[in-house]
Structure formats: structure tokens, C-alpha cells
K.L.:
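I'd like to ask you about the structure that follows.
What's counted below: heavy atoms across the whole structure, side chains too, no hydrogens, waters or symmetry copies.
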Amino acid sequence: SKEDASASMVYNYKHGFSGFAAMLTADQATRLAEFPGVISVERSKTYRTTTTRSWDFLGLNYPSSHTPASELLQASNYGEDIIIGVVDTGIWPESRSFSDQGYGPVPSRWKGKCQVGPDWGSNNCSRKIIGARFYTAGVPKEYFEGEPLSPRDHAGHGTHTASTAAGSAVGQEAASFHGIAAGVARGGAPHARIAVYKSCWSKEGHCPTPAVLAAIDDAIHDGVDVLSLSLEMSENSYGTLHAVLKGIVMVHTAGNAGPHMQTIRDTSPWAITVAATNIDRSFDTVITLGNKQQIVGQSLYYQGKKSSSSRSSFGDFGCLRSCTAEVFDGAQDLKGAILLCNDQREALFPAAQYLMDRGGTGLIIVSSTTDDMRPVTDCEGIACVVVNIDDAERMCQYSEDTSSAQAKIEPAGTVTGKEILAPKVAIFSSRGPSVTYPAILKPDIAAPGANILAAKQDGYVFKSGTSMAAPHVAGIAALLKVLHPYWSPAAIKSAMVTTAHVTDERGMPIMAEGISRKIADPFDYGGGTINPCGAAHPGLIYDIDPSDYSKFFKCTISNKRTPVDCNTTTMQPAYYLNLPSISVPDLRHPITVSRTVTNVGEVNSVYHAAVQSPAGVKMEVVPPVLVFDATNKVQTYQVKLSPMWKLHGYYTFGSLTWHNDQKTVRIPIVTRLTIEEFY
């Protein structure tokens with residue numbers, strides 16, 4: 001009946017596309033999928049949410065007494081009046097990062113609203129937070145049990161990401177973690193406006209697809225310019241595609257399943273998928289052994305005003321191969337003790353709790369990289385330090401050779417600058433290629449995501465993850481939207497990818513952290529690490545007609561309310577899309593791929609091709625020179641890729657760079673030689 005159908009409805013999507021979410025039986029879903037005009041029926045899934053110094057590291061300097069603002073910040077007026085939508089766990093409006101002091105009226109084009117709730121009134125929206133919505137339909141009740149139904153962020157994740165993308169500037173006297181990493185905290189586009197779409201609930205950040213799609217649909221209606229989703233999108237979403245068709249820049253995370261290959265799940269060619277890197281900042285923590293040997297690890301250990309001075313005094317030191325509950329059950333009194341857990345597989349948060357309950361003062365954790373501080377981020381009441389494997393061996397050797405081994409841990413100090421190897425792709429960042437669509441190179445770009453300080457409630461905390469990397473890219477996209485208001489989302493993505501760095505400022509190749517450290521490749525960072533100032537003036541862009549994306553679904557999507565035309569016979573491999581990359585996962589015979597570039601730099605320009613062929617592949621570019629003038633702003637070229645051997649191999653990497661005296665426009669090339677398709 002109509003009444004039953006109405007009662008089953010959860011959301012009706014109407015701004016970006018025609019669709020709905022409903023509670024259906026399996027039989028009803030099967031029958032509905034057979035209706036003419038229905039593209040697909042998919043069961044609801046749950047996405048998961050995936051953070052001072054980072055903007056300086058990227059070259060976006062904020063004005064101070066000794067440095068002027070970067071050219072990009074000045075030219076874009078700090079992202080003035082661009083609207084960044086944040087789909088996340090909500091926001092904490094009282095944070096100083098969301099002050100609207102000095103802001104003008106809300107842009108007249110804004111059509112959103114400010115939803116109220118038990119702990120959120122209309123006055124919580126402002127000239128900074130110009131809109132706030134929350135979504136509960138289709139969300140299992142256990143996700144928001146005990147949490148008020150409002151846009152307020154009780155998890156801290158959404159506040160952190162929003163302040164990273166568009167937080168107002170907060171002085172260093174207010175922005176630090178107990179004195180660690182003190183500095184001016186601000187977003188990439190500090191004058192941009194924020195629109196909040198709370199689709200994720202609980203501290204774990206559960207984000208059901210019906211709620212996420214409803215948020216995207218409303219954001220299209222409301223008039224956002226950039227949408228930042230710090231979620232691991234697991235499929236190509238019609239919602240995100242239609243947002244891009246409306247000119248909205250979509251930014252997704254790569255996910256936190258690294259360093260293993262083929263762990264990236266988002267394959268949307270219209271979205272910018274972001275990997276995570278470290279920055280040139282460390283939190284050096286000195287561990288002094290009883291023999292006066294000093295080891296330097298990293299921690300967020302600080303001494304509060306009420307802390308006992310014994311925290312920096314010597315205590316008993318021991319080295320354990322395992323730190324499970326069974327090990328600690330036999331030790332009733334560990335007062336003042338510092339223990340090293342030399343088992344990288346154990347869950348370390350329980351170990352810290354066991355040790356603290358028995359009077360211990362320090363836990364030392366072993367990792368292949370001390371940059372990965374996620375295990376110690378939430379460590380409270382005890383000093384938790386990360387050390388590398390070599391240092392752990394030296395410390396354990398000292399413990400074995402000494403009858404009464406001693407150690408002490410000093411509070412962490414903040415170190416920044418060129419002495420720190422950065423950027424490096426973070427160990428947790430998910431890697432390509434995509435299992436589903438390897439012809440779409442993912443991730444697209446890498447940005448800071450390790451140990452990022454940003455807002456949470458009324459203070460500032462560190463978080464790590466690709467969730468922290470995505471809002472960096474969203475903030476930069478906002479600046480580019482001001483500078484180039486008529487650029488498409490594809491043009492903005494192209495500008496980022498083609499100007500990205502693949503070496504550090506010394507010319508050394510960027511590394512990727514993992515079980516063993518290696519030189520990063522496109523499956524780690526896509527085009528490279530983001531270069532905001534370079535992206536502002538890329539020279540050439542790879543633009544895409546948004547209708548071309550529809551071919552990815554083998555469908556022609558009409559804006560009219562007519563059945564969608566899906567023709568599987570017209571589908572071409574995804575590497576024929578005009579993306580700023582080429583990925584051919586099944587190179588068995590010579591193929592030719594075309595790309596079209598548009599000149600957005602000097603009118604009269606000449607670019608020459610520089611080819612770096614993937615190993616085992618002969619690569620030719622025709623023509624090798626592109627000439628642009630007032631009448632020839634767009635040029636097409638062909639790339640011929642030929643396998644050199646008959647071989648079923650693995651992926652190899654190369655690049656194609658168009659360059660002249662002023663500009664360098666680079667795209668990554670990925671190929672895999674195959675003999676036949678394996679089913």
C-alpha cells in the first residue's frame with residue numbers, strides 16, 4: 001500500500017539525483033531492482049571516519065612579525081567566502097578555531113539551515129559556521145545512544161577536521177597540547193565558511209550510507225563549494241558523482257589500512273582521494289639509562305602543573321618480550337618502574353593501563369618508525385614513548401647485562417626544521433592499486449596526516465590518519481576556487497596532481513614508511529605530495545567533461561525524469577578518461593591513450609615532453625612538442641605504450657612531464673605486463 005511504502009522511506013534524495021533510502025525486505029529489493037529506470041539497489045553500508053605546523057610546511061605561511069603571508073593566501077584572500085561542507089561527526093562551535101570575529105555577512109547564495117537540538121541552539125551557528133544539519137534516520141540506535149541529537153560533536157573527529165580545513169587563526173598562546181607544538185593554529189582557508197553535516201555517530205565514527213548520501217544531497221542544495229569527507233568511501237557513489245556534476249570539489253580519504261598494497265577502496269575518478277604524510281616536526285623524548293646512555297624516541301609526554309617531580313627521576317627498568325595481561329598479573333607493585341614492550345604485535349593501550357594501575361611511570365613501545373605515534377596519542381597518566389627497533393635492542397641488552405637496570409624519561413620537546421626527513425608517506429596510509437578498478441590510479445595526492453594538532457572541544461589535540469590529510473586538501477581546494485572561480489573540480493584536481501612533489505627540498509626521493517622503508521611510488525602517493533603554491537599556477541590542466549564520468553557506470557545519466565540509458569557495449573577502459581595519470585593494468589599488446597591539456601598559463605607557450613618509461617615498456621609521445629597561442633589553447637597528444645616482453649609481471653612506474661623554462665607539468669604512468677586475463 002501507499003501507506004506502507006511511505007512508512008518504509010528513510011531519505012528521499014532530490015537535489016543531486018533522484019533516489020531514496022528505504023527499509024525493504026530482500027524480496028522487495030530484488031523486485032525493485034527490476035523496475036525500468038532503476039540504476040541500482042544496494043544494501044546500506046557503514047563507512048568509518050579515518051589532523052599548527054603543517055600549513056607552514058606546505059608553504060602557506062600565515063603573516064607574523066618576521067614572515068609575510070604566502071602569495072597564495074594573499075591572492076585568495078585566505079579563502080574568503082568559499083563554503084566548505086564537512087561531512088563528519090559534527091562540530092564544537094565554542095572552539096576558538098570557529099570564531100567569526102571580523103567576518104562579513106553570510107554569503108547571499110547560501111541556502112542551508114541551522115538545525116537545533118538539546119545542546120545546540122540557533123545561536124551556535126554564526127558567520128563562520130553558517131549551517132549545521134544532523135541525520136539520524138537509517139542510523140542504528142546504538143550508534144547515538146546517550147548522545148544528544150544535534151550537530152554538536154561529542155567524538156572530536158569532525159571538530160578536528162573542520163578546524164584543519166577552515167579554522168580561524170588562533171594564537172600560539174592558546175593553541176598547543178599542554179605546551180607541545182605551540183604555534184598559530186589555523187585552517188588552510190582560514191576565512192572560508194563552514195557548513196556542518198553530521199552523518200557520523202559514536203566515538204568510533206560510524207557513518208551509515210543513507211545518512212552520508214542525505215548529507216551530500218543537502219550540501220548540493222545548500223550551495224557548498226567544497227565537500228570534505230574524512231571517511232573511507234568503499235564504492236563509487238552516485239551522490240558524490242552528482243555533487244561533482246554540480247561543480248562541487250569532492251575530497252575523500254585513502255583509508256588507514258596501510259602499508260599493505262591493494263588496501264585502498266575508493267575508486268571514484270571524479271573525487272580527490274588523499275593519502276597521508278608526516279611533516280618536518282618531531283616530539284623528541286630523551287630516555288636516559290642508568291649507564292648514562294641516552295636514547296631519543298618520540299612521545300607526547302608532558303608534566304602537568306600538579307605532576308610529581310619523580311616522573312623525571314630514575315626508576316627500575318625492564319625489557320619484556322610481551323606485555324599482555326598475564327604478564328602483569330604476577331607483578332603487584334611496579335611503583336616508579338619503566339618497562340619496554342618489545343612485541344610490536346600487542347595491543348599497547350591495555351599495557352599502559354596495566355602498568356599505571358600498578359604504579360609504573362613509563363611504557364616504551366617499539367615500532368619500525370617512530371613517526372607513527374598513534375599508539376601513544378591517547379596515553380594519559382603515564383609516559384608512553386615510541387623508539388625504533390635498533391634502540392630497543394640496545395636498551396634490552398643494557399637490561400640483560402645489568403642487575404638493577406635504571407631509566408628515566410624526560411618530557412617531550414618540539415623540534416621542527418630541515419633536519420627532519422619529511423615528507424614521508426605515513427605507515428598507516430592505504431596503498432593502491434584498487435582491486436576493483438586498477439585502471440583508476442588511487443590515491444591521487446598525499447598531504448599531511450600524521451600527528452596533526454587541531455581543535456577538539458575547547459582545546460587542541462593530536463590526531464593521525466588520512467582523515468587529517470583530506471581536510472588539508474579541502475582547504476587548498478577552497479583557495480584555488482577563489483583564485484580560479486571557473487575551474488571545474490577536474491581542473492582543480494589536475495592542478496594538484498601535476499604540480500605535486502616527488503622529491504623533498506634537497507632533491508631526495510620521498511620515502512614511504514612500511515614494514516621496511518622504501519622509495520614512494522604512485523600507489524603510495526598518486527602524483528606526489530601536495531604543492532599548494534604550485535597548484536595555483538599549474539601551466540596546463542587536464543580537464544574532463546563531467547558527462548564523461550557517466551561512462552564509468554556504463555550509463556548516460558539524464559537530468560530529466562526519464563529512464564537512465566545504460567549500454568554495456570559502449571564502455572571503454574577507464575584509462576581513456578582524461579585523468580592526470582595513466583594506469584594500464586593489463587598491457588598485453590601496444591595501446592595508444594590520448595590526453596588533452598588546456599593552457600592556463602602564459603598565452604604563447606611551448607612545452608616539451610620528457611618521458612620516463614615504466615620498466616619493461618616502450619613509451620612514445622606524439623607530438624613531442626605542444627605549442628599554444630591565443631587561438632590554440634587546447635592540445636591533444638597520444639601516448640603509445642608497448643610491452644617489451646611477453647610476460648605476466650607486476651606493476652612498474654614511469655612518468656610524462658611537459659615542461660618549459662617556467663613550468664613543469666607531470667603525470668604518473670603505471671603499467672602491468674600480462675599474458676592473459678586470469679579468472
Side-chain angles (χ1 to χ4, degrees), residues 51-54 56-57 160 172-185 278-289 293-315 317 336-341 348-349 351-353 355-356 360-392 394-395 407-422 424 426-427 448-454 456 459-464 468 513:
T51 153
T52 53
R53 172 68 184 171
S54 58
D56 291 336
F57 177 64
H160 200 281
Q172 65 179 25
E173 70 282 351
S176 72
F177 179 74
H178 301 282
I180 299 173
V184 176
N278 74 328
I279 60 174
D280 63 339
R281 178 176 64 191
S282 67
F283 305 105
D284 290 2
T285 305
V286 177
I287 304 166
T288 304
L289 304 179
Q293 183 179 6
Q294 291 190 323
I295 303 292
V296 179
Q298 285 206 69
S299 78
L300 299 177
Y301 170 49
Y302 65 93
Q303 285 188 324
K305 295 178 180 178
K306 298 181 181 180
S307 296
S308 168
S309 60
S310 64
R311 290 290 176 84
S312 290
S313 301
F314 280 97
F317 172 69
I338 296 171
L339 297 182
L340 184 149
C341 284
L348 295 164
F349 184 75
Q353 191 64 50
L355 183 57
M356 186 171 64
T361 60
L363 179 67
I364 300 170
I365 298 163
V366 185
S367 175
S368 58
T369 170
T370 58
D371 288 332
D372 185 15
M373 291 173 60
R374 289 175 300 160
V376 305
T377 300
D378 297 321
C379 191
E380 295 181 359
I382 190 172
C384 295
V385 189
V386 182
V387 299
N388 64 36
I389 297 170
D390 292 342
D391 287 338
R394 282 195 287 270
M395 296 174 76
K408 70 174 181 177
I409 300 172
E410 300 291 342
T414 306
V415 179
T416 61
K418 296 180 179 180
E419 291 79 12
I420 298 166
L421 182 61
K424 298 192 295 286
I427 192 171
N451 310 324
I452 303 300
L453 184 74
K456 179 181 179 181
Y460 293 83
V461 299
F462 289 99
K463 288 184 181 291
S464 293
M468 287 63 249
E513 295 283 15

K.L.:
Which pair of non-hydrogen atoms, one from Pro448 and one from Ile279, has the smallest distance, and what is that distance?
P.N.:
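Smallest heavy-atom distance, with atoms named: CB-CG2, 3.5 Å.
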K.L.:
So which atom in Met356 and which in Ile382 form the shortest heavy-atom distance, rounded to 0.1 Å?
P.N.:
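Looking at all heavy atoms of both residues, the closest pair is N-CD1, 4.1 Å.
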K.L.:
For the CG atom of Leu339 and the CG atom of Leu363, what is their distance to the nearest 0.5 Å?
P.N.:
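Reported value, rounded in 0.5 Å steps: 7.0 Å.
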K.L.:
Checking the side chain of Thr288 only, and the main-chain atoms of Gln294 only, is there a donor and an acceptor separated by less than 3.5 Å?
P.N.:
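No.
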K.L.:
Partners of Val385 by side chain to side chain contact (heavy atoms under 4.5 Å, CB included), sequence neighbours excluded?
P.N.:
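Here the qualifying residues are Thr285, Ile287, Ser299, Val387, Ile409.
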K.L.:
Using side chain to side chain contact (heavy atoms under 4.5 Å, CB included) as the criterion, list what pairs up with Lys424, not counting sequence neighbours.
P.N.:
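Partners of Lys424 by the side chain to side chain contact (heavy atoms under 4.5 Å, CB included) criterion, ordered by chain and then number, come out as Asn278, Asp371, Leu421, Met511, Glu513, Arg517.
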K.L.:
Do you know which two heavy atoms are closest between Asn451 and Ser464, and how far apart they sit?
P.N.:
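Minimum heavy-atom contact is N-OG, 2.7 Å.
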K.L.:
What closest approach, in Å, do Glu410 and Tyr301 show between heavy atoms, and which atom pair accounts for it?
P.N.:
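Looking at all heavy atoms of both residues, the closest pair is O-CD2, 3.5 Å.
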K.L.:
Any donor-acceptor pair under 3.5 Å linking the side chain of Gln298 with the backbone of Phe283?
P.N.:
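It does hold such a pair.
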K.L.:
How long is the span from the CZ atom in Arg281 to the CD1 atom in Ile420, to the nearest 0.5 Å?
P.N.:
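Rounded to the nearest 0.5 Å, the CZ-CD1 separation comes out at 9.5 Å.
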K.L.:
Which heavy atom of Ala392 sits nearest a heavy atom of Val366, and at what distance?
P.N.:
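Closest approach of Ala392 to Val366, heavy atoms only: CB-CG2, 3.6 Å.
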K.L.:
Roughly how far, to the nearest 0.5 Å, is the CZ atom of Phe314 from the CD1 atom of Ile338?
P.N.:
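Answer rounded to 0.5 Å: 9.0 Å.
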K.L.:
By side-chain hydrogen bond (donor to acceptor under 3.5 Å, both in side chains), which residues pair with Asp284, not counting sequence neighbours?
P.N.:
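Residues passing side-chain hydrogen bond (donor to acceptor under 3.5 Å, both in side chains) with Asp284: Ser282.
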K.L.:
Taking all atoms of both residues into account, what is the closest heavy-atom pair of Met395 and Ile364, and its distance?
P.N.:
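Closest heavy-atom pair between Met395 and Ile364: CE-CD1, 3.4 Å.
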